[in-house]
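To start, the structure itself, in structure tokens.
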Amino acid sequence: MKSQDLVAQAILARARAYAPYSGFKVGAALLGKSGAVYLGCNIENAAYSSTNCAERTAIFKAISEGERDFIAMAIVADTDQGCSPCGVCRQVLVEFFDDTVEIHLANLNGVIQSRTISQLLPGAFRPGDVQRNDRREL
Ligand SMILES: [Zn+2]
């Protein structure tokens, strides 16, 4: 799937954003290896910290549907440059993405900047860094 096609789906997802507080609408589209595309939008809440970003909405939908392997994600908002994921989303993406997954940062004017998760979150704390309790010396 071309990056432009995935961005077009993210734009559709953006139209469903629930952003009555900020007015900042974001859409995401996540392409799984199965060929399925999972859409996500930001979902705000009156208790602001309960807000969920578009990227996490998309990946949580995918994981809950049984998809664990991904090809690409597109993220779009009305920004000057490609819409960049927040730090929380970067940490969630690194749980499931390796550097073969293309992350397309897009805006509504046709800008598409492609990145890898290592470029977005260098030195990340990754799943392999977790030490199980039974291996710790207490
Ligand atoms: Zn985020």
Side-chain angles (χ1 to χ4, degrees):
M1 178 180 289
K2 291 181 181 177
S3 60
Q4 294 92 332
D5 295 333
L6 201 58
V7 169
Q9 297 212 40
I11 290 171
L12 292 176
R14 180 180 173 273
R16 301 181 188 137
Y18 177 75
Y21 306 106
S22 73
F24 185 70
K25 296 182 175 185
V26 184
L30 176 60
L31 175 61
K33 285 192 175 167
S34 70
V37 175
Y38 303 90
L39 302 182
C41 61
N42 55 325
I43 305 167
E44 294 184 347
N45 192 280
Y48 290 1
S49 64
S50 302
T51 292
N52 201 60
C53 298
E55 302 92 312
R56 281 180 285 139
T57 300
I59 201 159
F60 292 160
K61 285 172 68 178
I63 298 301
S64 67
E65 295 295 325
E67 185 99 48
R68 292 275 177 93
D69 299 308
F70 303 102
I71 295 172
M73 172 177 264
I75 307 161
V76 67
D78 187 10
T79 47
D80 290 338
Q81 297 296 312
C83 183
S84 192
C86 77
V88 172
C89 286
R90 291 174 196 221
Q91 184 64 45
V92 170
L93 297 181
V94 82
E95 185 78 18
F96 300 102
F97 287 8
D98 61 23
D99 282 344
T100 66
V101 181
E102 296 179 300
I103 305 169
H104 306 300
L105 314 180
N107 71 9
L108 299 179
N109 299 319
V111 169
I112 300 175
Q113 301 159 312
S114 296
R115 301 283 186 270
T116 66
I117 192 61
S118 289
Q119 290 172 321
L120 293 175
L121 192 61
F125 186 80
R126 293 179 175 273
D129 295 329
V130 176
Q131 296 293 314
R132 291 172 37 149
N133 282 340
D134 59 1
R135 293 172 51 197
R136 281 194 353 218
E137 293 181 30
L138 297 174

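Counting starts at 1 for both ligands and their atoms, in listed order.
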May I have the list of side-chain donor-acceptor pairs in residues 19-29 shorter than 3.5 Å, sequence neighbours left out?
from, atom 1, to, atom 2, distance (Å)
Ser22, OG, Phe24, N, 2.9
Ser22, OG, Glu44, OE2, 2.4

Side-chain donor-acceptor pairs under 3.5 Å in residues 4-12, sequence neighbours left out?
none

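The stretch residues 78-88 participates, sequence neighbours left out, in these side chain to side chain donor-acceptor pair (under 3.5 Å) pairs: Gln81-Gln113, Ser84-Arg90.
For the Zn ion (ligand 1), the count of nearby protein N/O/S atoms, taking only those under 2.8 Å, is 3.
Between the CD1 atom in Ile63 and the CZ atom in Arg68 there is a gap of 5.5 Å [rounded to 0.5 Å].
Counting only distance, with no hydrogens or angles, the side chain of Glu67 and the backbone of Ser34 share a donor-acceptor pair below 3.5 Å.
Side-chain atoms of Asn52 and Thr57 include a donor-acceptor pair closer than 3.5 Å.
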